[in-house]
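Here is the naming used below: chain letters follow the sequence lines, and residue numbers restart at 1 for every chain.
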Amino acid sequence: MAEEETGVYIYGILPADVETDPRARGIGDPPGKVAVVKHNEIAALVSHLGAVDALGTPDDLTAHAELLDAAASEVPVLPLRFGAVVTDEDAVVDELLAPHHDEFAAALAELEGKAQYVLKARYIEENVLRELIDGDAEMSQLRDAIRGKPEDATRNERIALGERIGQAIAALREQDTQYVVEALEPLNLPINLREPTHDEDAVHLAFLVDVAKRDDVEAALERLAQEWQDRARVSLLGPMAAYDFVVTQKPGT
Amino acid sequence: MTAVQPAGGGGGGGGLDRPSSSGLADVIDTILDKGLVIDAYVRVSLVGIELLTIDARIVVASVDTYLRFAEAVNRLDISGTEQKGLPDLVEGVASGGSKAKTKGALEAAGDKLKDLLGDEEDTTQSRGRS
């Protein structure tokens, strides 16, 4: 066990009155044992990192996310962005927890009883293409122009058609995102709009929900999914740590 | 609850999809791009460690995207016109669509991500179909 060590990997910050699941496994290969470094009312969730050259294998990424999401289902958590490593446990206290104790404690208090979810909707390609093209004379014309013709012979028409589709989907996405935001408005949730990660994303956003309101939110989204049944697949990820709602103070600004 | 489920979503049907765990692509969108940044708090004891290069995925309009859309339209037209509305078709359309979406997801992910994921492609694919 006296192997050389890279440092202490920090996952996130949580209240001091937590205990780790002894089965919890951290990042690295072999996975580090997860521990809690405490200071007054707050603590950091950490694991010791053996000798590594680089971080970020799929296992590393998954371990970071799963550990924090599991913790967030029990207690409020301030998640750190992936890749935070400091020299040792003393540094965790002296440089991270002690100097920012009150700030972190206040943020944790604000997150008490809340969880983040990510809502994603992806257009059902066939249906959205039909909808867009049937409603547009120019695109219908281009569709007819490429029908059954080899790709090489109709390259310009294909590009023109594809570009119009891209623009139409972007406009539709904006409209549908707004629709969802308005549908969630009565529930009064903090919402963070995310960039689309796929050409056919309809909606991508994160929201923070009070545990007490969770059923209402799920019911609202279930209605949305039913309404959009032929249009988009709606999925809800979470509960997860509140990544989208913790903001780092910008030093020097 | 296990994370094993039919990747095709059982031929559609509405309802809110509640995956029991996030796919790798969703994890990447979140933990590389969001959350507190350690550098803002810790200076002296920070251990600089290389991160395998993975960029959060972004959508970039390109000729490739346009051609893919056009091809999707072409395919739609051939398979759709005379059979539209038949229940049998639903299944064919759904599986064709999954393929197209998966391809799009991988392209959007960029080469670096694709290389990194390597044998993890299953994760990405099932996400692409979700």
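Rounded to the nearest 0.5 angstrom, D29(B) CG and T197(A) OG1 are separated by 5.0 Å. Put simply, OG1 on T65(B) and CG on D199(A) are 4.5 Å apart, with the number rounded to the nearest 0.5 Å. Interatomic distance, CG of D33(B) versus OH of Y243(A), reported as 12.0 Å (0.5 Å rounding). Separation of atoms CG (L55(A)) and CG (L52(B)) is listed at 7.5 Å; rounding is to 0.5 Å. Rounded to the nearest 0.5 Å, atoms CD (E125(A)) and CZ (R75(B)) are 6.0 Å apart. Annotation: the span from S45(B) atom OG to D94(A) atom CG amounts to 7.5 Å, rounded to 0.5 Å.
Contact check for L96(A) versus I38(B): side-chain heavy atoms found under the 4.5 Å cut-off. Contact annotation: the side chain of L32(B) never approaches that of R81(A) to less than 4.5 Å [non-hydrogen atoms, C-beta and beyond]. With a 4.5 Å cut-off on side-chain heavy atoms, I169(A) and F69(B) count as touching. The closest side-chain heavy-atom distance from L24(B) to T62(A) is below 4.5 Å. Under the 4.5 Å side-chain criterion, counting only non-hydrogen atoms from C-beta, L61(A) is in contact with I28(B).
With a threshold of 4.5 angstrom between heavy atoms, E195(A) does not approach chain B through any atom at all. With a threshold of 4.5 angstrom between heavy atoms, I159(A) approaches chain B through its backbone and through its side chain. Residue L49(A) touches chain B through its side chain alone, counting heavy-atom pairs closer than 4.5 Å. Contacts between V92(A) and chain B at a heavy-atom distance below 4.5 Å are absent for every atom of the residue. Both the backbone and the side chain of L221(A) come within contact range of chain B, each with at least one heavy atom under 4.5 Å from a heavy atom of that chain. Only the side chain of L237(A) comes within contact range of chain B, judged by heavy atoms closer than 4.5 Å. Neither the backbone nor the side chain of Q167(A) has a heavy atom closer than 4.5 Å to any heavy atom of chain B. Residue V44(B) touches chain A through both its backbone and its side chain, counting heavy-atom pairs closer than 4.5 Å. Heavy-atom distances place the side chain of Y117(A), and not its backbone, under 4.5 Å from chain B. With a threshold of 4.5 angstrom between heavy atoms, Y11(A) does not approach chain B through any atom at all. The part of D53(A) that comes within reach of chain B is its backbone (N, CA, C, O), which places non-hydrogen atoms under 4.5 angstrom from that chain. No part of T154(A) comes within reach of chain B, as not one of its non-hydrogen atoms sits under 4.5 angstrom from that chain.
When every heavy atom of G15(B) is checked against every heavy atom of A225(A), the shortest pair comes out as C-CB, 3.5 Å. Listed here is the closest heavy atom pair of V85(A) and I49(B): CG2-CG2, 3.8 Å. Of all heavy-atom pairs spanning I133(A) and V73(B), the tightest one is CD1-CG2, 3.4 Å.
Residue with the most contacts toward chain A among L67(B), V27(B), L46(B), V42(B): V42(B) (heavy-atom pairs, distance under 4.5 Å). Contacts with chain B were tallied for G7(A), P196(A), G238(A); P196(A) has the most, counting heavy-atom pairs under 4.5 Å. Counting heavy-atom pairs under 4.5 Å between each of L161(A), D69(A), D244(A) and chain B puts D244(A) at the top. Listed options V234(A), I10(A), L236(A), I165(A) were ranked by heavy-atom pairs under 4.5 angstrom with chain B; first place goes to L236(A). For the set G83(A), A84(A), A170(A), A160(A), the entry with the most heavy-atom pairs within less than 4.5 Å of chain B is A84(A).
Between H100(A) and Y41(B), the angle of the ring planes goes over 60°, which puts this pair in the perpendicular group of the 30/60° scheme.
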_Applying side chain to side chain contact (heavy atoms under 4.5 Å, CB included) to D26(B) and V118(A), what does each step give before you reach the verdict?_
CA-CA 9 Å; D26(B) 289 312; V118(A) 168; 6.0 Å; no

*Check the pair E218(A) / R18(B) against salt bridge (charged side-chain N to carboxylate O under 4.0 Å, His left out), numbers first and verdict last.*
CA-CA 10 Å; E218(A) 283 194 27; R18(B) 294 295 316 268; 2.9 Å; yes

*Going through the checks in order, is the side chain to side chain contact (heavy atoms under 4.5 Å, CB included) test met by R155(A) and V63(B)?*
CA-CA 10 Å; R155(A) 188 173 160 88; V63(B) 168; 3.8 Å; yes

*Could you walk me through whether Q226(A) and L16(B) pass the side chain to side chain contact (heavy atoms under 4.5 Å, CB included) check?*
CA-CA 7 Å; Q226(A) 294 295 345; L16(B) 186 60; over 6 Å; no

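Checked by atom type, the side-chain pair T30(B)/R194(A) shows a donor-acceptor distance below 3.5 Å.
Around CD of E227(A), the count of heavy atoms belonging to other residues, nucleotides or ligands within 6.0 Å exceeds 12.
Of the possible polar contacts, none joining the R43(B) side chain to the E95(A) backbone as a donor-acceptor pair under 3.5 Å is found. A distance-only check finds no donor-acceptor pair linking the side chain of R143(A) to the backbone of N74(B) [under 3.5 Å].
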